[in-house]
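Values below: every heavy atom of this structure, side chains too, minus hydrogens, waters and symmetry copies. Residue numbers start at 1 and run along the sequence shown.
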Amino acid sequence: MFGKKNKEFKQLLKKAKKGDADAQFKVACKYYDGTDIERDYESAVFWLKKSAGQGNGDSQNFLGCCYETGNGVEKNVETAFVWYNKSAEQKNPVAICNIARCYKYGICVEQDKGKAFELFEKAALQNYPKALNECGVCYKTGTGVQKSLEKSAEYFLKAAGLGEANAQYNLATAYAYGEGIAKDLKKAIEWFKKAAGQGVGNAQYYLGYAYYKGIVVERDFDNAVKWLSKSAEQGNASAQFWLGVCYFYGKGIFYRNPKLYDYDFDYQKGVEWFIKSAENGCASAQSKLGTCYLEGKGIGQDYDKAVFWFKKAAEQGNKGGYYNLGYCYQNGYGVEKDGKKAEEWYKKSE
């Protein structure tokens with residue numbers, strides 16, 4: 001044990017040992033999160049079982065999560081479902097959502113998207129933010145309920161106002177594209193900022209892109225790199241591509257300032273991000289990476305690899321990939337020179 005709150009933990013543990021179900025739940029949470037005590041999933045499960053056995057709904061749901069993930073106990077989705085149901089019987093909205101998720105994806109039960117929506121809606125009636133967001137997603141996609149962008153926006157707005165990060169992102173996209181709500185880019189950026197601040201990778205990408213392009217906000221290279229980096233590190237392929245663009249071209253091209261061209265770019269770092277993005281399936285990155293191999297910028301010149309990535313981009317309908325393949329066939333770079341094929345690829349790029 002460690003930290004200034006050691007004494008408080010000891011007092012809580014003392015209550016738990018005397019059979020206080022609420023204290024047992026709190027001790028379990030501390031062991032699970034590693035708060036005021038070294039993280040220990042098995043000890044967490046021990047106390048969750050004690051508390052859940054006394055009917056504590058939060059512990060029953062949490063114990064179900066442990067069985068589903070296999071943290072501190074052997075993974076068993078059927079047992080997880082049993083504990084979710086015990087908690088749901090006490091109208092625990094988190095447990096109800098977990099059961100809904102099981103029906104939505106067919107986890108240990110027959111998939112039933114209609115039943116999943118009913119359960120999400122039931123939890124949403126308690127103003128549980130995640131349930132409200134899930135209802136919004138169901139209405140947006142027509143999953144288990146008739147599609148309605150207007151209703152989806154209503155749910156996203158309510159959940160976002162309660163601080164639900166994914167709902168804030170979903171509301172932002174609704175404002176950005178006018179989906180079920182009047183298009184308003186200013187409000188979209190406001191909600192992207194809120195969601196990005198809570199770590200939503202897609203929101204971080206859109207915010208970084210907005211700073212790069214000057215959409216609603218003033219163009220700001222440093223903020224663009226900041227938010228694109230956060231998103232790229234979470235694996236967002238589009239963010240990885242645009243972060244690569246930032247490094248590859250630097251502030252000079254960004255601010256249209258020739259005086260900055262000579263020192264503020266990094267081809268190698270740009271290519272590193274193009275590779276990550278291309279490998280994650282981004283067609284624009286695949287085409288750009290091919291160009292880097294073709295020209296030997298930021299990486300060793302390799303015509304075969306250039307053609308490989310141009311073809312990957314072309315397979316996704318990328319016009320840059322089409323054009324570059326035409327260029328390779330015209331000049332015999334990485335392929336046998338063929339004017340007819342070159343013309344065919346050039347036409348596709350028009």
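By the 30° and 60° cut-offs, the orientation of the rings of F81 relative to Y103 is perpendicular. The aromatic rings of Y177 and Y206 sit perpendicular, their planes meeting at an angle over 60°, well past the 30° parallel limit. The aromatic rings of F9 and Y31 lie perpendicular to each other, with more than 60° between the two planes, well past the 30° mark.
A ring-centre distance under 6.0 Å is found for Y346 and Y323. Taking the six-membered ring for Trp and the full ring otherwise, F308 and Y293 have centroids separated by 6.0 Å or more.
For the side chain to side chain contact (heavy atoms under 4.5 Å, CB included) with Y175, the qualifying choice from K187, K186, K183, E190 is K187, the only one to do so.
S148 pairs by the side chain to side chain donor-acceptor pair (under 3.5 Å) definition with nothing, not counting sequence neighbours.
When only modelled atom types and interatomic distance are considered, Q240 and N280 share a side-chain donor-acceptor pair under 3.5 Å.
Crowding of E42 atom CD: a count of heavy atoms from other residues, nucleotides or ligands under 6.0 Å not exceeding 12.
Each salt bridge (charged side-chain N to carboxylate O under 4.0 Å, His left out) pair with one or both residues in residues 133-156, not counting sequence neighbours, appears once here: K104-E134, K140-E179. Among residues at least two apart or in separate chains, there is no salt bridge (charged side-chain N to carboxylate O under 4.0 Å, His left out) pair with a member in residues 78-99.
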Could you check S287 against W309 for side-chain contact (heavy atoms from CB on, under 4.5 Å), going step by step and ending with a plain yes or no?
-> CA-CA 6 Å; S287 179; W309 286 110; over 6 Å; no

